[in-house]
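FYI, side chains are in, hydrogens and waters are out, and symmetry mates aren't considered; it's all heavy atoms of this structure. First the proteins, then the strands, lettered A, B, ... as listed; each starts at 1.
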2 protein chains.
Amino acid sequence: MRKATRRSRDTYHVGNLAPQLLTAARELLEDAGPTRLSLRAVSERVGVSATAAYHHFANRSELLGHLAAKGFRELAAALRQPHTEASPLQQLRSACLIYFGFARKSPALYQLMFGTELSHEDMLPELTQARAEAFGELRRIVAGMRGADRDSAETRRAALAGWSYIHGLASLVIHEVMEFPPGTSDERFIDSTLQGFALLFPPSEDS
Amino acid sequence: MRKATRRSRDTYHVGNLAPQLLTAARELLEDAGPTRLSLRAVSERVGVSATAAYHHFANRSELLGHLAAKGFRELAAALRQPHTEASPLQQLRSACLIYFGFARKSPALYQLMFGTELSHEDMLPELTQARAEAFGELRRIVAGMRGADRDSAETRRAALAGWSYIHGLASLVIHEVMEFPPGTSDERFIDSTLQGFALLFPPSEDS
DNA sequence: ACCTGAACACCGTTCAAGT
DNA sequence: ACCTGAACACCGTTCAAGT
């Protein structure tokens with residue numbers, strides 16, 4: 001007989017509850033958004049009591065922090081492409097596309113990574129490091145473009161400028177502040193705004 | 001005798017509850033952050049019942065929407081400076097400083113304006129318009145810099161690129177993704193990242 | 001017209017208790 | 001060691017009722 005009830009004992013003391021909670025949270029994240037993602041809903045999805053999570057995470061913030069850290073690691077991995085021997089501008093374009101695509105594919109995760117939900121007080125070391133790793137990839141790309149040292153102050157500045165630009169653009173689009181032009185590809189959109197920059201910083205044509 | 005109790009009847013039927021709620025919300029916003037700002041706390045601060053707000057706003061989202069709209073109007077006003085007859089780059093620098101200063105002075109308001117808390121479904125027309133107004137100021141500034149038409153496609157692209165950059169930079173700083181270098185002025189910081197851009201887009205020095 | 005109080009369905013989090 | 005259930009202090013929101 002033994003009906004498989006909802007509160008199945010299959011998930012009692014399984015031993016790997018933490019990763020299960022994380023993947024459940026990740027699944028719910030894109031539907032609920034980072035603000036409305038609730039610990040209770042995550043627990044219920046796994047089939048576990050509402051308080052079980054507290055034996056694996058200090059609180060909701062910490063679970064979210066692990067989720068964000070995973071996001072930064074994925075972003076870093078996506079950016080860790082082979083050195084294509086293309087022109088500097090092509091490399092910049094390519095990195096922008098990867099970054100922009102990541103944000104567009106997982107907007108809620110991206111919002112979590114860069115948003116208000118992360119309690120900045122007790123930051124997970126894991127998260128701080130994953131974030132630094134992602135920024136490191138940006139520096140590596142920029143250094144390659146310029147044929148310069150990855151850790152020089154100039155490269156850092158250039159990478160921060162690039163990061164600001166692409167993060168701002170992705171942010172404006174996924175928060176629907178700017179409408180993403182319907183019927184346009186990511187490629188065309190990135191190219192268009194990259195052109196916009198050239199207009200903003202005229203390559204010393206007159207004067 | 002007539003003690004002035006907390007639930008004072010002074011605030012019963014005053015007639016201007018809506019603006020009072022708005023200013024109370026604005027006051028609480030920077031302490032609580034956009035995510036944790038609660039309608040109940042706002043009502044309590046005004047000295048009114050928890051449900052009174054529903055006679056003036058459809059729900060929490062709408063109140064937040066009005067707050068954000070006010071923020072965009074303030075930002076637009078700050079940007080609406082007289083045309084200083086300076087070099088294009090000086091004008092860009094000046095606009096960036098104003099924008100960056102706004103975000104740094106009211107980080108929670110800025111996060112609300114560009115964040116997840118705004119239910120994008122039923123957007124207030126007021127908010128959409130105030131936002132467009134702010135972007136209009138950016139376009140005006142960029143058009144002035146380039147000596148071009150404010151509504152041309154090129155100016156729009158350049159303005160969007162500029163907006164992406166400064167929004168990204170402000171966003172990274174106020175969300176504490178990038179540490180704002182301690183002991184540095186906004187001026188120095190903006191100049192430094194603006195230089196970073198020059199490095200990213202080399203002014204055609206070598207072929 | 002404008003506001004209140006009780007009520008409902010949610011939250012995060014704690015704590016004693018169970019296995 | 002790992003999980004549960006009851007409980008607490010919060011939420012947003014509704015609705016009938018008061019002025």
Problem set entry | Spacing between B:Leu39 atom CG and C:dT4 atom P, to the nearest angstrom | 13 Å
Exercise. With distance as the sole criterion, do the side chain of B:His55 and the base of C:dC3 form a donor-acceptor contact below 3.5 Å?
Worked result: yes
Seminar exercise, completed: Rounded to whole Å, OH of A:Tyr54 lies from C1' of D:dG5 at a distance of 15 Å
Exercise. Parallel, tilted or perpendicular: which fits the ring planes of B:Phe114 and B:His167, with parallel below 30° and perpendicular above 60°?
Worked result: tilted
Problem set entry | Base partner of D:dA1, which must satisfy Watson-Crick or wobble distances under 3.5 Å | C:dT19
Problem set entry | Distance-only donor-acceptor test (3.5 Å): side chain A:Thr51, base C:dG12 | no
Exercise. Please give, in whole Å, the distance from C:dC2 C1' to B:Phe57 CZ?
Worked result: 14 Å
For this session: Would you mind reading off the distance between B:Arg40 atom CZ and D:dT14 atom P, rounded to a whole angstrom?
Result: 13 Å
Exercise. Using 4.0 Å as the upper bound for N to carboxylate O, is an ion pair formed by A:Arg93 and A:Glu187?
Worked result: no
Problem set entry | Pair partner, D:dG12 [Watson-Crick or wobble, under 3.5 Å] | C:dC8
Exercise. Looking only at heavy atoms, which two atoms of A:Ala158 and A:Val142 are closest? And how far apart?
Worked result: CB-CG1, 3.7 Å
Exercise. Which whole-number value in Å describes the distance from B:Arg60 CZ to C:dC10 P?
Worked result: 18 Å
For this session: Return the value, rounded to whole Å, for the distance between atom CG of A:Leu63 and atom P of C:dC11.
Result: 15 Å
Exercise. Between A:Glu74 and A:Arg26, is there a side-chain N and carboxylate O pair less than 4.0 Å apart?
Worked result: yes
Exercise. Is the distance from OP1 or OP2 of D:dC3 to the nearest side-chain N or O of A:His56 less than 4.0 Å?
Worked result: yes
Problem set entry | Whole-Å gap separating C1' (C:dC11) and CG (A:Leu37) | 12 Å
For this session: Specify the closest pair of heavy atoms between B:Gln81 and B:Ser94, including all atoms of both residues, with the distance to one decimal.
Result: OE1-OG, 3.3 Å
Problem set entry | Separation of atom CZ in A:Arg36 from atom P in C:dC11, rounded to whole Å | 11 Å
Problem set entry | A:Ser49 vs D:dG5: side-chain N/O to OP1/OP2 distance below 4.0 Å | no
